[in-house]
Amino acid sequence: MIRRILEKSREVTFLLFVCFVSFEISLRTILKEHMVLHAYPKIYRYDSVVGFRGIPNVEGYIRRPSIDKHFKLNNFGYYGPDFDARHPDSIFRIGVFGASMVEGVWANQVESFPEILNRMFKDKGYRVEVLNLGIQGRLRVLHNLELMKKDVAAFKVNLALMEESFPIISANNHFDQYKGYSIEFTGDNTPDGRFSQMLVQKKVDRLEKHKLITDLLKLFCSSRAYLRHVEGNSGVYRGTLIDCWRNFYENSCDNLLFFNVVNYSPEQSVAILNRSRAELCNQNTEFALFSYAKDSLSKYLRANSNVEFRSIQLNLPLYKNQYKQELDGHPNSKGDSLIAGALFRELCQNYIPANFKPAR
C-alpha cells in the first residue's frame with residue numbers, strides 16, 4: 001500500500017514537473033519579446049532645478065522588446081548630433097522641448113522626428129536648424145519649462161516648441177547614478193526628497209551586499225535581463241534572501257514609481273504657460289505648444305480668450321498600429337516621419353520668417 005502511494009506520488013511529481021517545464025518553454029517562446037527587461041541607460045545625473053539632465057558625451061545602452069542598441073549623447077547631453085551653442089544670425093534656430101516622444105529614445109538618433117525635421121529644412125534649402133532638446137521622463141512639464149528657459153538663452157533659440165501636456169500634471173521624479181546603478185526617486189532638495197533618494201540607495205546597498213544571491217537569481221531567471229535600474233517606492237523590506245528576491249523582482253520588470261503628483265487646473269496651466277511665453281519674449285524668442293492629436297487645450301482655446309501663446313494642433317493618427325511601437329504608444333520610424341512632415345508644413349506656413357526661406 002505504501003509502495004503504491006510512493007509510486008503514485010512519483011508519477012504525479014514527474015507529471016507536474018513535465019507540465020511546469022512545458023508551460024515555461026511555451027511562455028518563453030510565445031512571449032519572448034515581452035519578457036525582455038526594459039533596461040534604463042545610465043545617462044542622466046541629478047539636477048536640482050530640472051530634476052535630471054543627460055551627461056554630455058556619455059554612451060548608453062538600451063535593451064527592450066525589438067530594440068538592442070548602443071548610442072552616445074551629444075556635447076550638451078541630448079539625444080542627437082553635436083551642435084554649437086551659438087549660431088549666425090543668418091540661421092533660424094528651433095528648439096524642440098518635451099519628453100520621450102521628442103527625445104526619441106527608442107528610435108535611432110537620426111530617426112527622431114526633430115532630426116528628420118532638421119534634414120527636411122536643409123534638403124529644401126531653408127536656413128533653419130532644429131535642435132532636439134527633449135528629455136524622457138514622466139510628468140516633467142514644469143521641469144521642461146525651466147529647462148526651456150535656460151536652454152533658450154544658452155543656445156540662442158529663435159522659436160521654442162514645447163510638446164503639449166494640458167492641463168499640466170507635474171511630479172518631482174529624478175534620475176541619478178549610484179554604485180553603477182541608474183536610480184530613480186521622487187521629491188526634491190528637501191528632507192522628504194533626500195529621504196526618498198536614501199531609500200533607493202539602500203535598495204542598491206542591499207542588492208550589492210547579497211551580490212551572490214542576486215547573481216544566482218539572474219542566472220535562474222533568464223527572462224530577467226541584467227539589473228541596472230532601481231526605483232523607489234513606498235515599501236521597505238527587511239531580511240536577506242527574500243529581501244534580495246523582492247528587490248530583484250521589482251527592478252527587473254516595469255515598476256511604477258510612487259510620485260508626489262500635482263494637478264493644475266486649466267486656468268492655472270494657462271497662467272504658467274503665459275508667464276513662460278512672456279519670459280521668452282524678453283529674450284526675443286517665440287513660444288508655441290504643439291500637440292500630436294486633438295486634446296483638451298483645443299477645447300479650452302475655443303471657449304477662452306486669455307491664452308497668449310500660440311498652439312499647433314497636428315491631429316495625427318499616431319494611435320494606428322503602423323505608426324507606433326509594438327508594445328507602447330511611442331511612434332516608430334513611420335510615426336516620427338509623419339510628425340516631422342506635419343510640423344514642417346505648419347512651421348513653413350506660419351512660423352519661419354521669409355528671409356530664412358529659400359529664394360524663389
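Listed by first and then second residue, the salt bridge (charged side-chain N to carboxylate O under 4.0 Å, His left out) pairs involving residues 115-125 amount to none (not counting sequence neighbours). Evaluation of the salt bridge (charged side-chain N to carboxylate O under 4.0 Å, His left out) test over residues 342-357, restricted to residues two or more places apart or in two chains, returns none. Listed by first and then second residue, the salt bridge (charged side-chain N to carboxylate O under 4.0 Å, His left out) pairs that reach into residues 272-286 are Lys149-Glu279, Glu286-Arg310, sequence neighbours excluded.
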With a cut-off of 3.5 Å and sequence neighbours excluded, list every side-chain donor-acceptor pair involving residues 76-91.
residue : atom : partner : partner atom : Å
Tyr78   : OH   : Arg53   : NH2          : 2.9
Tyr78   : OH   : Asp151  : OD2          : 2.3
Tyr79   : OH   : Lys69   : NZ           : 2.4
Tyr79   : OH   : Ala107  : O            : 2.5
Asp82   : OD1  : Asn75   : N            : 2.8
His87   : ND1  : Ile91   : O            : 3.1
His87   : NE2  : Lys156  : O            : 2.7

Scan the side chains in residues 266-274 for donor-acceptor partners under 3.5 Å anywhere in the protein, sequence neighbours excluded, and list what turns up.
residue : atom : partner : partner atom : Å
Gln268  : OE1  : Ser265  : N            : 2.9
Gln268  : OE1  : Ser265  : OG           : 3.3
Ser269  : OG   : Ile168  : N            : 2.9
Ser269  : OG   : Ser265  : O            : 2.9
Asn274  : OD1  : Glu308  : N            : 2.9
Asn274  : ND2  : Val270  : O            : 3.4
Asn274  : ND2  : Asn306  : O            : 2.9

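Side-chain atoms of Ile135 and Tyr44, non-hydrogen and from C-beta on, do get closer than 4.5 Å to each other. The shortest distance between side-chain heavy atoms of Pro331 and Ile339 falls below 4.5 Å.
Scored by the side-chain contact (heavy atoms from CB on, under 4.5 Å) test, Pro114 finds Val96, Val102, Ser112, Val130, Asn132 as partners (sequence neighbours excluded). The ring-ring contact (aromatic ring centres under 6.0 Å, His included) search around Tyr264 returns none, not counting sequence neighbours. Residues passing the side chain to side chain donor-acceptor pair (under 3.5 Å) test with Ser337: none are found, sequence neighbours excluded. By the ring-ring contact (aromatic ring centres under 6.0 Å, His included) test, Phe344 pairs with Phe121, Tyr126, sequence neighbours left out. With sequence neighbours left out, the side-chain contact (heavy atoms from CB on, under 4.5 Å) criterion links Pro353 to Phe92, Asn355, Phe356. Arg93 pairs by the salt bridge (charged side-chain N to carboxylate O under 4.0 Å, His left out) definition with Glu129, not counting sequence neighbours. Take Phe113 and apply the ring-ring contact (aromatic ring centres under 6.0 Å, His included) test, not counting sequence neighbours, and it matches no residue.
No donor-acceptor distance shorter than 3.5 angstrom exists from the side chain of Gln325 to the backbone of His330, with no hydrogens or angles considered.
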